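Reviewing the structure listed below.
Ligands are counted one by one from 1 in listed order, and the atoms in each one are counted from 1 as well. Quick caveat: nothing in here was measured; it's all calculated off a predicted structure.
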Amino acid sequence: MTDLTELTIAEALKSLKNKEFSATELTNAYIQKMENTREYNAYVLETPEVALEQARLSDEHYKNGTNRALEGIPLGIKDLFCTKGIRSTACSHILDGFVPQYESTVTQHLLNAGASFLGKLNMDEFAMGGSNETSYYGPVVNPWSSSEPLVAGGSSGGSAAAVAAHLCAGATGTDTGGSIRQPAAFCGITGIKPTYGRCSRWGIMAFASSLDQAGPMAKDVRDCAIMLRAMAGYDAKDSTSVDMKVPDFEQVLGQDIKGLKIGIPSEYRPDGLNKEISGLWDKSAQMLQSRGAEIVHINLPHTPYALPVYYIIAPAEASSNLARYDGIRYGLRVKGEKLDDLYINTRTEGFGTEVKRRIMIGTYVLSAGYFDAYYVKAQKVRRLIKQDFEKAFEKCDVILTPTSPVSAFKIGDESMQENPINMYLNDVFTVSVNLAGLPALSLPVGLDSKGLPLGMQLIGKAFDEETIFKTAYALEKDAAFKRK
Ligand code: GLN
């Protein structure tokens, strides 16, 4: 018999409907694989009993013919999502033992669609990082590693590794500056950050509220389309969620892309861009062109400012959001003689180095003397970055770029440990999208000479995930990337 865990969500749904196997059998296949594959450190909490109970209910639904969109599909959930009755820590020591009394809207939507939850996935602490090395629970190992352990990317490293190693059928991720797309690229899977406002942020621990978005990470484009439809939708509990109909994203897959205008931004090809990546970028453009799409050259002139703007705004919002972890309300409490000592001791012990660095940078740029010079200035430049995209989209329908300037690097890489800015530079192709609130998908298109996956990014107009999906589907077909 074939390994059930290697089926895509679409394939599994079809087989479940045809009663080729039950949801319980599918879930057990994943549980067994999880037990035998702990070396990637993808899960920080396994919940087999929860998944099996949900699978039992799904089997009833199939029996009664009341099966829903994701009936019986076992998923992994990034530890940033609050899951009712299930420990949720954002992979931070400060949330030790925190068990939410509520379910995030996105995970509730997935449950309402009949999905089951195999466990909570590893991630960078509070989603701050690009390699999953800031997790309190240790780094995730990329399943594509051979001689030495490589990073899975971050912050949704556990989600990407779990999907690549078939430890779940699909996973949730969140993306503030690239955290769905970059780990997806590093692990050879597909992930989409939807338009800001498409998915509710309610119940997702906040990092930078004006940038955070949840999205699916899965084996292929179709699975992302299926998952996103279930995850998205208006939520009165998130004032930034948008009241718009959620399209059936799967319906556009396979549609003609003839005449579609694909924008190639010249600013994304700096001198010294990795030759293998730029080569694959050209090849991807040619593949779309041979299907009748038109390549247009566009400019995003404020691109050089995207990283500095992001690394001012994101820490500013983070420093404010993380003020709530005071040792009183959630998780860890380290006692002190006076109340202030309790706050100081808890936060000193509870937060890791990268989180503390961001809180300090954020507090600095928001402080009275520097607010105008840094934060207000960054907000102004953010507007210009957004306008760049608006102008570019007058000339094209979707933008094609690499997802990351590098492939997966080794765990503990000295240059990035010595200077965190070297890590931040890896976000150069992803952060602008969050600053502009746009949707963007990463899909694997090939391997580099080290045999590691490389991803391409498709950026769309606001609330036009459909054009992204249909373009990605065409590219996926032609690139014929072989999954792990
Ligand atoms: N790597 C980026 C950062 O460290 C993005 C993180 C994210 O999208 N959550 O902030």
Worksheet, complete the sentence: If you scan protein heavy atoms around atom 4 (O) of ligand 1, the nearest is Arg358 NH2, 2.8 Å
Discussion item. Is it true that Asp427 and Tyr311 share a donor-acceptor pair across their side chains at a distance under 3.5 Å?
Written reply: yes
Worksheet item: Cut-off 3.5 Å, side chains only: do Asp212 and Thr174 have a donor facing an acceptor?
Response: no
Practice prompt. Can you see which heavy atom on Pro265 is nearest to which on Leu400, and at what distance?
Written response: CD-O, 3.6 Å
Worksheet item: Does ligand 1 have an atom under 4.0 Å from some heavy atom of Tyr424?
Response: no
Practice prompt. Check whether any N or O atom of Ala127, backbone or side chain, sits under 3.5 Å from an N or O atom of ligand 1, and answer yes or no.
Written response: yes
Discussion item. When you compare ligand 1 with Phe207, is there at least one nitrogen or oxygen pair between them that comes in under 3.5 angstrom?
Written reply: no
Discussion item. Under 3.5 Å, is there a donor on one side chain and an acceptor on the other for Thr105 and Asp235?
Written reply: yes
Worksheet item: Taking heavy atoms and a distance under 4.0 Å, where does Tyr311 meet ligand 1: side chain, backbone, both or neither?
Response: side chain
Item to complete: Identify, by atom number and element, the atoms of ligand 1 in contact range of Gly177, meaning under 4.0 Å from any of its heavy atoms.
Response: 5 (C), 7 (C), 8 (O)
Item to complete: Decide whether Ser210 and Arg382 meet the rule of one side-chain donor and one side-chain acceptor closer than 3.5 Å.
Response: yes
Worksheet item: Applying the side-chain hydrogen bond (donor to acceptor under 3.5 Å, both in side chains) test to Lys78, which of Ser155, Ser159, Ser179 qualifies?
Response: Ser155
Worksheet item: Do any nitrogen or oxygen atoms of Asp427 lie less than 3.5 angstrom from nitrogen or oxygen atoms of ligand 1?
Response: yes
Item to complete: Please identify which atoms of ligand 1 are closer than 4.0 Å to at least one heavy atom of Ser155.
Response: 9 (N)
Discussion item. Would Met128 count as being in polar contact with ligand 1, using the rule that some N or O on each side must be under 3.5 angstrom apart?
Written reply: no
Worksheet item: For the residue pair Tyr330 and Tyr325, does the interplanar ring angle fall in the parallel (under 30°), tilted (30 to 60°) or perpendicular (over 60°) class?
Response: tilted
Discussion item. Strictly below 4.0 Å, N to O, side chains only: are Glu250 and Arg222 in salt-bridge contact?
Written reply: yes
Discussion item. Which residue and atom name correspond to the protein heavy atom nearest atom 5 (C) of ligand 1, and how close is it?
Written reply: Tyr310 OH, 3.3 Å
Worksheet item: What do you reckon, does Ala314 put a non-hydrogen atom under 4.0 Å from ligand 1?
Response: no
Worksheet, complete the sentence: If you scan protein heavy atoms around atom 7 (C) of ligand 1, the nearest is Ser179 OG, 2.4 Å
